[in-house]
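Heavy-atom basis, side chains included; hydrogens, waters and symmetry copies ignored. Convention: sequence-line order gives letters A, B, ...; per-chain numbering from 1. No experiment lies behind these values; they were computed from the predicted model shown.
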Amino acid sequence: MARSPEQTTQWVAEKIAKMKEVEDIKLTDPHTLKVVRKTYDPFVAGVVSVEKVTRSVIRPVLATSRTIEIVANVPAESFWTGAAIELAREHGSAFGGLRDLMSAVGKENVRSYIRREYEFVERGLRQHSKVSGLDRKYDRVYLVHRDGLPSLRFVMLDAYELTGDHIRSARDRYGHFDAVLLNNPNGRATSSAEDVADSMGVGVFKWGNFLSRLNRCE
Amino acid sequence: VNDGEIIPAIAETAARISTRVDDTAWYLFGSFLRNPRASADIDLLVVCASDIDAALVRMELRDLCTAWPLHITIMTKDEASETDFAKSEGCRQIYPSPGGTGVSLNKR
C-alpha cells in the first residue's frame, strides 16, 4: 500500500499533466516537479505525503531549491502544523494539498496562492473590532487574541454534513479547542455532532454566529 | 500506481475492516465519481452502526489515507438517516458490493 516519494510525486505529476493549463511536467527530484504552463511561467512544486506536516518534513524538501513556489501534501486526511506553515512562508512558498496545487496551476503568482477558505476567515477575523491578533496553531486551528477578553482557540471544519466523527477526529488531531467554526456556507451539523460538541463543552457556529461569539466571554 | 487501483484498494480495506467491525456500508461520492482523472481527491462515506464502530473504522483507515488522497466522512446509521446523505449526494455503494457483482465506476 505504501508508495515511495518518487511514486507519489510521479502520481501527482500524472494528475497535473492532465490539466488543460499544463504544457509539460518534469520530475526534478523525488520530492519536486517542474510544471510548464501554456500561459504563465513555469514553477516548481514540492511534494510530500504524510499524515502530519511538520517543519522537519518540509525542511529537507525546501532545502533542495529556493525555486520551490508551493509545497503540497498528498493525503487529504492530514494536517499542517503552524510551524511548518511558517517555514513555508519564510521560504516564500505557498502550502496545501493536491487540490491546492491544482488550483495554483491556474494562478500567475503561485507563491501568493492561499486557499480561499483560509483567506476568507483570516480577512474576516482581522476586520473584527474585538480581534487584536491571530496565531495560527495548525492549518485549521487559530488562537484569536481579543481586546478585553480571553483568547479563543477555534477549529474550522469545512463539512457539508458535520458529523460526530468529524469533531472527535478534530479533537484527536488538534487537541483542545473552544469552538468549532462550520465553515461551509451550506453545511449543517448532525444531532450527534451537536451532542459530541456539547460533551466537550464547545459550541458549533456558522460564520455569522461565530463573529458574534467573538464578542462574548463564554 | 494509478487511479484504477483505488476502488479495489478501498474494497479490500473495507472487507478487512468488516471482519472486525460488523455492519458497515461503504460509498464513493463527489467529483471522483464524475471525473476520476481530474479529481484531486476521493470522497468516501462509511456508515457504521455506532460511535464506537466509527472510531474503529477511522483508526483502521489511517494507512489507506496515507497512500491515497481520501476525504473521509464517517456517519452512524442515525446520522445517515437524519441527513439522507447517501441519497442526496448520489453516493455509489462499493462495499458490501451491491448484488455481489463487483464495482464499476462506469455503472450507475
Just wondering, more than 12 heavy atoms not from A:K38 lying within 6.0 Å of its NZ?
yes
If contact means a heavy atom pair closer than 4.5 Å, which residues of residues 47-58 of chain A contact chain B?
A:S49, A:E51
From A:D172 atom CG to B:M59 atom CE, the distance as rounded to the nearest 0.5 Å
10.5 Å
Is chain A contacted by the side chain of B:L70, its backbone, both, or neither, given a heavy-atom distance below 4.5 Å?
backbone
Find the one option among B:T73, B:L61, B:V57 whose heavy-atom pairs under 4.5 Å with chain A are most numerous.
B:T73
Measuring heavy-atom distances to chain A, does B:D78 have an atom under 4.5 Å in its side chain, in its backbone, in both, or in neither?
neither
State whether the number of non-hydrogen atoms from other residues, nucleotides or ligands found under 6.0 Å of B:R62 atom CZ is greater than 12.
no
Locate the shortest heavy-atom distance separating A:V74 from B:P69; write the atom from each residue and the value.
O-CB, 3.4 Å
Over 12 foreign heavy atoms within 6.0 Å of CG, A:L134:
yes
Identify which of B:A40, B:C65, B:C48, B:A54 forms the greatest number of heavy-atom pairs closer than 4.5 Å to chain A.
B:A40
Can you name the closest pair of heavy atoms from A:T190 and B:E79 and give their distance?
OG1-OE2, 2.6 Å
Identify which part of A:S191 has an atom lying under 4.5 Å from any heavy atom of chain B, answering side chain, backbone, both or neither.
both
Measure across B:S31 and A:R99 and return the closest heavy-atom pair with its distance rounded to 0.1 Å.
OG-NH2, 4.4 Å
Only heavy atoms, only distances under 4.5 angstrom. Which residues in residues 159-167 of chain A are near chain B?
A:Y160, A:E161, A:T163, A:G164, A:D165, A:H166
Check step by step if salt bridge (Lys or Arg N to Asp or Glu O under 4.0 Å) holds for A:E77 and B:R58.
CA-CA 10 Å; A:E77 294 287 333; B:R58 170 70 69 176; 2.9 Å; yes
Using a 6.0 Å cut-off, check whether atom NZ of A:K34 has over 12 heavy atoms from anything other than its own residue.
no
Rounded distance [0.5 Å steps], NZ in A:K18 versus OG in B:S39:
11.0 Å
Pairwise distance CD1(B:I72) to OG(A:S169) - rounded to 0.5 angstrom
10.0 Å
